[in-house]
Amino acid sequence: MPVKKILLVDDSKTELHFLSELLTKKGYSVRTAENGDEAMRRLAEEKPDLILMDVVMPGQNGFQLTRSITRDPNYADVPVIMCTSKNQETDKVWGMRQGARDYVVKPVDPDELIAKIRAFD
């Protein structure tokens, strides 16, 4: 099933704007959330085909949120790509252990991000 709808979770309005614009130009339908609670509301409203998840956010962080989403039977089939400035190998390993399917480090290389998203088509 091709990825069309993406939920973008990031507490930075700058990142949300940059990534939303990039993905929209590539033909994706993008919804955004600035924290874990908002992300869960967006998921309940409309199930996305893929989630781009920041790690460092107020309240529930991206690792915790990814674990909650990927262990929920309603959303376990939705791939999560961590999209974060945390670039240590341990962060990547931990993100994947929480259920993330891929990991992208900010600042995002647009071509790399699109390639990773298309890998789920």
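Starting from 1, each residue takes its place in the sequence as its number.
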Asp49 (side chain) donor-acceptor with Lys5 (main chain) under 3.5 angstrom: yes
Ionic contact status for Lys106 with Asp10, cut-off 4.0 Å: yes
Backbone N/O of Gln98 and side chain of Thr70: donor-acceptor pair under 3.5 Å: yes
Separation between CD1 of Ile51 and CD1 of Ile81, rounded to the nearest 0.5 Å: 10.5 Å
Heavy-atom neighbours of Arg97 CZ exceed 12 at 6.0 Å: no
Flag, side chain of Glu15 to backbone of Asp11, donor-acceptor distance under 3.5 Å: no
Point-to-point distance, once rounded to the nearest 0.5 Å, from OH of Tyr28 to CG of Leu19: 13.0 Å
Side chain to side chain, Leu65 and Met40, heavy atoms closer than 4.5 Å: yes
Whether Gln64 side chain and Gln60 backbone form a donor-acceptor pair below 3.5 Å: no
salt_bridge(Glu45, Arg42) N-O dist < 4.0 Å: yes
Between CG on residue Asp91 and CE on residue Met96, distance to nearest 0.5 Å: 13.0 Å
More than 12 heavy atoms from other groups under 6.0 Å of NZ on Lys86: no
Any pair counted as salt bridge (charged side-chain N to carboxylate O under 4.0 Å, His left out), so long as it reaches residues 55-78, sequence neighbours left out: Lys47-Asp77
Shortest non-hydrogen contact from Leu50 toward Phe120: CD1-CD1, 3.6 Å
Cluster overlap Leu8 with Val105, hydrophobic side-chain contacts below 4.5 Å: no
